[in-house]
Every structure is written in C-alpha cells, then in structure tokens.
Amino acid sequence: MNDEPSTASSSSLPQPTSDPAAQDQPPPRLHIPETSPEHSVTSAVTSLVNHEDMEGLKKGQMFLSEKLSKTTDRLREFNQFSCSTLQVQQWKFEQHIKVLVDLNKDLMAISALARGLRQKVESQYPEAASRATEELRATWPPDDDD
C-alpha cells in the first residue's frame, strides 16, 4: 500500500509556496474541465446569479463603506475636540477651586478675628456688649432653623 497521495489528484490543487511575495497574491483558481460534473454544477449556479443585482449590492456596500469612513472621521475629530475642551475646562475648574479654598481660609481667619474681638469687648464691657447684642438680634431676620 502506498500512503502517499497520487500525483494526478494533487496536481490540480494549489500547492503552498514558501515565497513571501507569492503569499500576498490570491490563490490560483482551480481549473475544472468543461466535461466534469463540477463544471455543470458551477455553471448552473453562476447562471442563477443576477449580475445587475450584484452590481447594485456592490455599489450599496461601497456607499455605506464611504459613509462609515466619513462618520468615523467625524467622530474622531469630535473626540479630539472634546478632549481638548475637557482639558481647558478642567484647568479652569482647578483654578476656581484654588480661589475658593483661599477665600475659605480668608473667611475663617476673619471670623476668628471677629470672634476674638467680640470676646474681648464682652469681657471688658459686659453690659454694653449684651445691650448691643440684643439690639442686633432685634434687627436680624428670624432663623429658619426653628
């Protein structure tokens, strides 16, 4: 018994090549003799193909491919614009936060100073301080916390 494939059947099959330039090319078409049953089947199938429909499908696919490419480019441009805008706005936001933190520190220092002055006045002039506090409370709007 011979385990090797016969040379007659393997001669019609494409043989792999080790040449890298040949690998970039499509494989060669198989030659089917016109008298073979395979040829009659392929002829029958190709006769069923409507070439006008195939051209229409091809044009439709090309149109959609171009449209998809343009949409992809637009989305890429929009993403780049959004990224740059986000960076600018983030920098501005950080600057505003720094201003608010500094303002908070200043207000805390002023409140501490005012509290210290009030305590000093209350300790030196308790009667005048209590009268002034009552007069101010009468002019203040009522608290909503009650």
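- Heavy-atom contacts from other residues, nucleotides or ligands closer than 6.0 Å to CD of Glu127 number 12 or fewer.
- Not a single donor-acceptor pair under 3.5 Å links the side chain of Ser65 to the backbone N or O of Gln61.
- Crowding of Trp140 atom CH2: a count of heavy atoms from other residues, nucleotides or ligands under 6.0 Å exceeding 12.
- Here the straight-line distance linking atom CG of Leu57 with atom CE of Met62 works out to 13.5 Å at 0.5 Å rounding.
- Considering OG1 of Thr85 and CZ of Phe78, their distance stands at 8.5 Å, rounded to 0.5 Å.
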Does Gln89 form a side-chain contact (heavy atoms from CB on, under 4.5 Å) with Phe93? I'd like the steps, not just the answer. CA-CA 6 Å; Gln89 295 302 322; Phe93 184 71; over 6 Å; no
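- If you take OG1 on Thr133 and CD on Glu122, they are separated by 5.5 Å, rounding to the nearest 0.5 Å.
- Residues Glu66 and Lys70 are not paired through a salt bridge, judged by the lack of any N-O separation under 4.0 Å between the basic side chain and the carboxylate.
- Expressed to the nearest 0.5 Å, how far OG of Ser82 lies from CD of Gln87 amounts to 11.0 Å.
- Contact check for Gln95 versus Lys98: side-chain heavy atoms found under the 4.5 Å cut-off.
- Atoms CG and CG, from Leu107 and Leu100 in turn, are 10.5 Å apart once rounded to the nearest 0.5 Å.
- To the nearest 0.5 angstrom, Ser69 atom OG is 12.5 Å from Leu64 atom CG.
- Judged as a salt bridge (charged side-chain N to carboxylate O under 4.0 Å, His left out), and not counting sequence neighbours, the contacts of Arg76 are Asp73.
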